[in-house]
Number of protein chains: 2
Amino acid sequence: MVTIYDIANKANVSAMTVSRVINNTGRVSDKTRAKVKKVMQELNYVPNQMARSLVLQQSKTLFLLITDITNPFYTTLSRGAEDAARKHGYNLLFGNSDENLSKESEYINTILSTRVDGVLLAPAGDPSAAHLERLLERNVPFVLIDREVPGIQSDIVQGDSKEASKKLMEHLLSYGHRNIALVNGSSSISSARDRLQGYNEMLKLHDLSANERYIFETSFGPFKDQSGLMAWLDQLHPFPTAFLAGNNVLAMELLHALRSRGLQVPEDVSVVCFDDFGMYSDLDPFITVAAQQAYQFGYLGMQLLIERITDREEAGPQKKIILPAEIIVRRSVKKLA
Amino acid sequence: MVTIYDIANKANVSAMTVSRVINNTGRVSDKTRAKVKKVMQELNYVPNQMARSLVLQQSKTLFLLITDITNPFYTTLSRGAEDAARKHGYNLLFGNSDENLSKESEYINTILSTRVDGVLLAPAGDPSAAHLERLLERNVPFVLIDREVPGIQSDIVQGDSKEASKKLMEHLLSYGHRNIALVNGSSSISSARDRLQGYNEMLKLHDLSANERYIFETSFGPFKDQSGLMAWLDQLHPFPTAFLAGNNVLAMELLHALRSRGLQVPEDVSVVCFDDFGMYSDLDPFITVAAQQAYQFGYLGMQLLIERITDREEAGPQKKIILPAEIIVRRSVKKLA
DNA sequence: ATGAAATGCGTTATCGATAACATTAAACTA
DNA sequence: TAGTTTAATGTTATCGATAACGCATTTCAT
């Protein structure tokens, strides 16, 4: 592979001069510059980023650690992250934690050893605090997305989960629903807690008693089997007229389970959920959703991260961006008499 | 950041000895080994992968270049790729070309400068040959996925597009359809050509004349607007009773367009397509598809790539893996009288 | 015309690791 | 016991770039 020295030799200058030409730093006469550039062209020279990183102490690489790229929320988010990263000349490493703490921990290892300049991550849950501490210890900038972690100060891009949850409930309530069940992610995840809180608050506001049985706490996905969900559905009485799902993966699982019980949406049961379905949004049954600005989560998160990295010195106060969700009413909710 | 020298100093040994302990190479007495390990623990040492890469001339990083992670085929594929890469201790950089040659070219630049050990890529089309040549020149191993590029020899994981196309056609024909239209990706893409070929061959086999008007060639996505598609639909007469879509993005676009014309699937028109819909597969209208083994595309592709990298010396002949698609009959096709 | 400032370029050290060779000390052999 | 292995560790060079400093030449001002 051709190096800066090969260029230097062939152009009869020092490596330093070549470096100056490449980076447009220091002083180089026009004649020398032209000569060096010509040789670089001839030899098809491409600078070695690894060597650069080593001496500059920055890799120009960021890490995107999400839970599951297969979840459309994260798929779209990753596009936002990629676009923002590229715009600022950063490369992007990525990994899926599958909401799994030990997998997350492994990725923290590779993050530390690869010396990336920063990390954008959706933590698996509250216990992720230990992982984040490791980043803090070593001064690796990071920005959280979607989920807070108690005890950890950092920049963060969040959805207004509680508010959106209330709006979805409001929608269901206004359509006459009173028996509303919640299928939610793990309560060790802040956004799941917020969604639960919104759910509870709206029940209380409408003087409805909270039925413990109506709440099913599981994982935000991905799913292996439906037995847990089915068992939960079996013990529901009276059977809810409506369901609120904590994200779209849960909504799809729920839909599947309901269908296998012979229930149609919206004729027999109503369903609403968090997160839109991307290009599938207009497939039946046109689920009513709280559409989060997935792309913006990624784009803005990346921007915060890059700002942190760039202004490392005058590190301002932690920033928190809260993105509201948009309630998109489709036809998965039936109006009750 | 703590380096190998900090460890060496504190443990009263040379950096080389520390390196030996880290990599389990050479000879180190048990006593020294224990001492070094203890110090590494105390100082929370994590080796600098960049420094390693520079001297070892390998980055332990691969690049996954796809066209659009938002397309469920590539989403799933990327999981396969990630899993295989991790299994062998490789990190994964990634990028989306959006089927755009100049974006692809930019990514080739970063691929070359980051000195990744290899690349798994879905080329934007036949003109990608120029980009691949650049990789060949510099001896960067790569494996193609989904699409061949004329003039380029390489390992590849492909779907059996022609065969799957024929099967989908067979399905439509057996249901009585005779006026079948094709919405396809760019003919500069080998898989699009194969799909077209399967389509044509089946028409011929059934003595049906190929109607030029029935073929719409566009991009595999992502889409900005539907005007082209709508205009094409407008000029179709007789209006087809069935459509074959070259991938699922096109199917969704088509569905959308048909709906805005007031047509229901399958009551008014039938639709089949390539690629399954992941977790959305059982949303109405339950499209009949040729499901490709997306995960395997990624997983096997990565494996081929890693083999190439590992056995660089005794580089065997190019390998070609062809994965059959599975036709999953749902209910988007109407049986004609 | 002469000292000061500016220009153009080179030298050396460095980033953090590992390979290859060198050296010392211990263990073994005859 | 002297000589030879072998085990354990250290030294030096290197990967490919850039920073910091140094040294000639020009150019400029007075």
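Below, chains carry the letters A, B, ... as their sequence lines are ordered, and counting in each starts from 1.
Both B:Ala51 and B:Met16 lie close to DNA chain C; mapped to their nearest nucleotides by heavy-atom distance, the more 5′-ward contact belongs to B:Ala51. Sequence order on DNA chain D of the closest nucleotides to B:Val55 and B:Asp30 puts B:Asp30 first from the 5' end. Ranked by how close their nearest DNA chain D nucleotide is to the 5' end, B:Val28 and A:Gln49 are led by B:Val28.
For C:dA19, neither phosphate oxygen OP1 nor OP2 lies less than 4.0 angstrom from any side-chain nitrogen or oxygen of B:Gln57. In this model, the phosphate group of D:dG16 is not approached by any side-chain N or O of A:Tyr45 to a distance below 4.0 Å at OP1 or OP2. For B:Ser19 and C:dA17, the shortest distance from a side-chain N or O to OP1 or OP2 is not below 4.0 Å. Using a 4.0 Å cut-off, no side-chain N or O of A:Ser53 falls inside it from OP1 or OP2 of C:dC15. Residue B:Asn48 has no polar side-chain atom (N or O) positioned under 4.0 Å from OP1 or OP2 of C:dC15. Look at B:Ser29 and you won't find any side-chain N or O under 4.0 angstrom from OP1 or OP2 of D:dA8.
For A:Arg33 against C:dG8, a side-chain-to-base donor-acceptor contact under 3.5 Å is absent. One donor-acceptor pair, N or O on each side, does fall under 3.5 Å between the base of D:dG10 and the side chain of B:Arg20.
In this structure, B:Arg147 is not positioned above the aromatic face of B:Phe220 in the sense of NZ or CZ being under 6.0 Å from the six-membered ring centre and within 45° of the axis.
Rounded to whole Å, the distance from CG on A:Leu43 to P on D:dG16 is 14 Å. Straight-line distance from the CG atom of B:Leu56 to the C1' atom of C:dA20: 14 Å, rounded to whole Å. Rounded to a whole Å, the CZ atom of A:Arg115 is 21 Å from the P atom of D:dA17. What separates CG of A:Leu54 from P of C:dA13 is a distance of 18 Å, to the nearest Å. What separates CD of A:Gln58 from C1' of C:dG16 is a distance of 17 Å, to the nearest Å. When rounded to the nearest whole Å, the span between CD1 of A:Ile22 and C1' of D:dA19 equals 15 Å.
Using a 4.0 Å heavy-atom distance criterion, A:Ser14 is classed as a base contact. Note on B:Arg27: a base of the nucleic acid sits closer than 4.0 angstrom, heavy atoms only. Residue A:Thr32 is in sugar-phosphate contact alone, with no base atom involved, counting any heavy-atom pair closer than 4.0 Å across all strands shown.
The side chain of B:Asn23 lies closest to C:dT18, out of C:dT18, D:dG16, D:dT18.
Scored by the side chain to side chain donor-acceptor pair (under 3.5 Å) test, B:Thr32 finds B:Ser29 as partners (sequence neighbours excluded).
Screening A:Phe142, A:Tyr90, A:Tyr107, A:Phe94 against A:Phe63 for a ring pair (Phe, Tyr, Trp, His ring centres under 6.0 Å) leaves a single residue, A:Tyr107.
A:Tyr74 has its ring centre no less than 6.0 Å from the ring centre of A:Phe297.
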Checking salt bridge (charged side-chain N to carboxylate O under 4.0 Å, His left out) for the pair A:Asp155/A:Lys319: CA distance, chi angles, key distance, verdict?
CA-CA 5 Å; A:Asp155 290 341; A:Lys319 287 181 202 121; 5.5 Å; no
Under the side chain to side chain contact (heavy atoms under 4.5 Å, CB included) rule, what do A:Arg79 and B:Asp68 come out as? Steps first, then yes or no, please.
CA-CA 9 Å; A:Arg79 284 307 302 256; B:Asp68 180 18; 2.8 Å; yes
